[in-house]
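Working notes, structure below.
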Amino acid sequence: MTGGGPVGVGVIGAGKISEQYLANMAAFPDLDVRFVADLVTERAAAVADTYGVPGAGTVPDVLARDDVEIIVNLTIPIAHADVASKAVAAGKHVWNEKPFTVDRQSGRTLLEQARSAGVLIGCAPDTFLGPGLQAAKRMIDRGDIGQPLTASVVYQTPGPHRWHPNPDFLYQPGGGPLLDMAPYYLTALTHIFGPIAGVAALGSSASPTRTIGAGPRAGEVFDVSVPTYVTALYDFQTGGIAQATFSFDSPLQRVGVLEIAGTDATLATSDPNKFTGDIRVAKSGEADWQTVAVTGAEGGRGIGAVDMARAVRGGDRHRATGDLGLHVLDAMLATADSMEQRTFVTVESVFEPVDALPEDWDPTQRVV
Ligand SMILES: NC(=O)c1ccc[n+]([C@@H]2O[C@H](COP(=O)([O-])OP(=O)(O)OC[C@H]3O[C@@H](n4cnc5c(N)ncnc54)[C@H](O)[C@@H]3O)[C@@H](O)[C@H]2O)c1
């Protein structure tokens, strides 16, 4: 126990993903969700009611609360920087959904603002802190596959317009399979290989419009303004190369593939967009995978905010940092630049890599 008691949380953004966060955070004793805010205050009130959160209202309302120490920012990507910056200005720590922001400059400005204010900034995805990817990291670090050399990533689906009730933002700048889904895979890759040095990529779009498939707006046609197929080669600063495909243009759905080939074996991680799942290992010369079962509390979305809350109360440094979020954003924007320019693009930013979590790390236990 580090002491000090649960850290007060205010959620901004009561949309689709808030349901998972609020359900999970109720099971994390180091967090106490005290307020939900949204531009649409009726939505904030309804969500607060469903999940037993005592307060609901506007963004200024939540920022004025002294009992809210961390803002969990679940707004849409184009609003991330502005909402997070207002929260920092109000003296709050911020946990941001991904992508960190939608452009490098606002991301850098936000980190600088937080440093001067002495508050912490964290960024999703926190899936890499889940038992699945942490077990894979521990296996790789202890040499189970020899020296890790290369990686293959596959994420391909027909696209989220089929199930998301308001999917427009997923097909606009800040979205697409690159900014929406690559954060999970690139964060997992950087946890294993360290910062990305450069990227070469190609992209395309199957169609200039999509039709909403579910919810009250089903049948509505909206514009697509980002590539919906992206294929990229990543070069890591301290060695290692990865090939990755991120697609909303695939009639066949195949997701969650992250395979790391080492000198002695290939390891397939659990789905980087999930918190746990089996790991598979194929040793050199063996035809079949061997499955390694993963144990440990799954936790779910919000475990990075728990790690941050423990740092707020004086524990270790937190792990899903804004520096990492900005690096992953930088790598994704470099991927987009490479697609446009048809050249290899250098990634300038870095972050400080973190070790694997201890095997008994558990977001569902009280620590603060
Ligand atoms: N939906 C998913 O499955 C999913 C999964 C993982 C991560 N995310 C991420 O979570 C974030 C939110 O996604 P979502 O699917 O919940 O979106 P959503 O559109 O369902 O909800 C976003 C909510 O934020 C509110 N909002 C927007 N701008 C605001 C502002 N300036 N101030 C206050 N409220 C504001 C909207 O009114 C809306 O209620 C995105 O960054 C997305 O990448 C979504």
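Just so you know, ligand 1 is whichever comes first in the structure, and atom 1 is the first atom listed for that ligand. Note that the coordinates shown come from a computational prediction; the quantities given were computed from them, not determined experimentally. The chain is numbered in sequence order, starting from 1.
- Under the 4.0 angstrom criterion for non-hydrogen atoms, Arg301 is in contact with ligand 1.
- Counting only heavy atoms of the protein, atom 19 (O) of ligand 1 lies nearest to Ile76 CG2, 3.6 Å.
- Looking only at heavy atoms of the protein, atom 25 (C) of ligand 1 is closest to Asp38 OD2, 3.3 Å.
- Using modelled atom types, one finds no donor on one side chain facing an acceptor on the other under 3.5 Å when comparing His80 with Thr101.
- For atom 4 (C) of ligand 1, the nearest protein heavy atom (residue, atom name, distance) is Ile17 CD1, 3.4 Å.
- Looking only at heavy atoms of the protein, atom 31 (N) of ligand 1 is closest to Val83 CG2, 3.6 Å.
- Among all non-hydrogen protein atoms, the one lying nearest atom 15 (O) of ligand 1 is His164 NE2, 2.9 Å.
- Counting only N and O atoms by type, the side chains of Asp82 and Ser85 include no donor and acceptor under 3.5 Å apart.
- Near His80, the atoms of ligand 1 lying under 4.0 angstrom from a non-hydrogen atom of the residue are 41 (O).
- Contact annotation for Glu97 and ligand 1: only side-chain heavy atoms (C-beta onward) come within less than 4.0 Å of the ligand.
- For ligand 1, the atoms lying closer than 4.0 Å to a non-hydrogen atom of Ile12 are 33 (C).
- A cation-pi contact links Arg310 to Trp361, judged by a cut-off of 6.0 Å to the six-membered ring centre and 45° from its axis.
- Annotation: Tyr184 places no N or O atom under 3.5 Å from an N or O atom of ligand 1; distance criterion only.
- The heavy atom nearest to atom 3 (O) of ligand 1, considering only Trp163, Tyr21, Phe100, is found in Trp163.
- Rounded to the nearest 0.5 Å, atoms OH (Tyr51) and CE (Met25) are 10.5 Å apart.
- Here's the thing with Lys16: one of its N/O atoms is less than 3.5 angstrom from an N/O atom of ligand 1.
- For CD of Glu286, the number of neighbouring non-hydrogen atoms (other residues, nucleotides, ligands) closer than 6.0 Å is greater than 12.
- When only non-hydrogen protein atoms are considered, atom 11 (C) of ligand 1 lies nearest to Thr75 O, 3.3 Å.
- Residue Asn166 does not touch ligand 1, judged by heavy-atom distances below 4.0 Å.
- Of the N and O atoms on the side chains of Thr109 and Gln105, at least one donor lies less than 3.5 Å from an acceptor on the other residue.
- Residue Leu149 qualifies as enclosed at atom CG: its count of foreign heavy atoms under 6.0 Å is above 12.
- An N or O contact shorter than 3.5 Å links Lys98 to ligand 1 by distance.
- Tested against Met308 for a side-chain contact (heavy atoms from CB on, under 4.5 Å), the candidates Val72, Thr321, Leu120, Leu31 yield a single pass: Leu120.
- Checked against the 6.0 Å centroid threshold, Phe169 and His164 count as a close aromatic pair.
- Ion pair Asp337/Arg104 flagged as a salt bridge, since at least one NZ, NE, NH1 or NH2 atom sits closer than 4.0 Å to an Asp/Glu carboxylate oxygen.
- The number of heavy atoms from other shown groups lying within 6.0 Å of CD (Gln237) is above 12.
- Closest protein heavy atom to atom 30 (C) of ligand 1: Leu39 CG, 3.5 Å.
- Looking only at heavy atoms of the protein, atom 38 (C) of ligand 1 is closest to Arg43 NH1, 3.2 Å.
- At a heavy-atom distance under 4.0 Å, only side-chain atoms of Val59, from C-beta outward, approach ligand 1.
- Using a 4.5 Å heavy-atom cutoff, the side chains of Val53 and Arg34 are not in contact.
- Taking the six-membered ring where the residue is Trp, Phe248 and Tyr171 present tilted rings, their angle falling between 30° and 60°.
- Residue-ligand proximity, Pro77 to ligand 1, at heavy-atom distances under 4.0 Å covers atoms 40 (C), 41 (O).
- For ligand 1, the atoms lying closer than 4.0 Å to a non-hydrogen atom of Ala79 are 28 (N), 31 (N).
- Close approach of ligand 1 to Phe169 is summarised as follows: ligand atoms under 4.0 Å from at least one heavy atom of the residue are 13 (O), 15 (O), 17 (O), 19 (O).
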